[in-house]
**Student:** 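The structure is given below, and queries will be raised subsequently.
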Amino acid sequence: MLDLNEISETLQRGNAGKVEELVKQALKEEVVPKDILENGLIKGMNTIGVKFKNNEVYVPEVLIAARAMHAGMDVLKPKLAETGVKNIGKVVIGTVKGDLHDIGKNLVKMMLEGAGFEVIDLGVDVSAEKFVSAVKEYHPDILGMSALLTTTMINMTEVIQSLQSAELRERVKVMIGGAPITQNYAEQIGADGYSPDAASAAEDAKKFVI
Ligand code: B1M
């Protein structure tokens with residue numbers, strides 16, 4: 001009988017092919033898909049998140065682990081749907097208008113997915129109108145914005161104001177992050193949360209949905 005820790009550890013080593021194989025084996029052994037997700041894939045991704053926060057691993061290791069998680073998820077997703085396992089929440093995320101930096105945003109996305117969220121990624125250079133339309137279309141629990149430039153972080157304010165004008169502000173929690181962003185800035189512009197790194201972002205997001 002397969003030990004789900006093996007999936008977690010293989011994911012942390014970033015071996016996508018082996019993770020895929022192990023998830024298939026677990027399904028064959030009739031392990032419940034939710035257990036494979038929680039005690040294999042999510043556990044592995046959470047551990048990587050903690051190590052990343054503590055500077056024990058760096059961006060490349062996180063990206064490789066996330067690729068392995070996706071490989072496992074591709075096998076697991078149809079089974080999860082069949083057994084009715086739901087995501088813990090929905091997040092719309094993007095890098096703000098004028099800003100093309102997406103490495104950090106992608107890490108946040110991966111950690112959120114690793115924590116069990118469905119994430120709709122709007123990409124980079126996302127205008128306020130596009131964020132607002134996505135909130136209307138997808139009804140997310142959380143809207144996440146990333147900015148890496150002091151010249152673009154101000155565009156977060158426009159998004160929050162546009163949400164207010166569209167009477168959507170109360171319907172969604174707004175989380176922000178990126179190198180120039182601070183807790184103080186989040187409070188100043190009326191965001192609900194600021195997270196300094198991807199692992200904290202996943203932890204903070206969970207607090208908004210439980
Ligand atoms: Co640019 N760049 N860049 N750049 N770039 C910086 C940000 C800069 C600090 C470099 C410098 O001058 N020292 C500087 C900004 C200065 C400032 O505004 N204060 C800068 C500049 C000036 C520029 C250009 C203007 C350069 C030029 O053309 N003259 C230009 C702007 C283009 C544009 O966006 N319109 C530009 C372009 C680029 C590249 C395209 C070449 C490339 C981006 C590639 C890409 O992203 N696909 C690039 C890069 C790579 C960087 C640096 C070197 C690295 C950024 C990065 O990926 N960090 C950066 C210097 C640096 O930081 N050392 C720099 C790693 C990443 C994991 O960290 O993004 O901070 P980070 O994300 C973290 C947290 O911030 C947090 O979690 C992540 C993971 O822990 N986080 C969130 C991020 N988003 C979050 C959202 C959340 C919560 C947490 O909630 C939703």
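For this chain, numbers begin at 1 and follow the sequence in order. Read the numbers this way: they start at 1 and go in the same order the structure lists the ligands and their atoms. In this text, all values refer to a predicted model and were calculated from it rather than measured experimentally.
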**Student:** Residue-level breakdown please: for Y194 versus ligand 1, do any non-hydrogen atoms fall below 4.0 Å on the side chain, on the backbone, on both, or on neither?
**Tutor:** neither

**Student:** I'd like to know if atom 67 (C) of ligand 1 has any protein heavy atom within a distance of less than 4.0 Å.
**Tutor:** yes

**Student:** Just to be careful: counting only protein atoms that are N, O or S, how many fall under 2.8 Å of atom 1 (Co) of ligand 1?
**Tutor:** 1

**Student:** Is there a polar contact, in the sense of an N or O pair closer than 3.5 Å, between D197 and ligand 1?
**Tutor:** no

**Student:** With heavy-atom distances below 4.5 Å as the criterion, would you say the side chains of V124 and D99 are in contact?
**Tutor:** no

**Student:** With a 4.0 Å cut-off on N to O distance, would you call E21 and K18 a salt bridge?
**Tutor:** yes

**Student:** May I ask you to say whether D192 pairs ionically with R169, meaning some side-chain N is under 4.0 Å from a carboxylate O?
**Tutor:** yes

**Student:** Might you check, step by step, whether the distance between atom 62 (O) of ligand 1 and some protein heavy atom is under 4.0 Å?
**Tutor:** no

**Student:** Within a distance of under 4.0 Å, is there any protein heavy atom near atom 10 (C) of ligand 1?
**Tutor:** no

**Student:** Do any non-hydrogen protein atoms sit less than 4.0 Å from atom 17 (C) of ligand 1?
**Tutor:** yes

**Student:** Within a distance of under 4.0 Å, is there any protein heavy atom near atom 74 (C) of ligand 1?
**Tutor:** yes

**Student:** Quiz question for you: does at least one protein heavy atom lie closer than 4.0 Å to atom 26 (C) of ligand 1?
**Tutor:** no

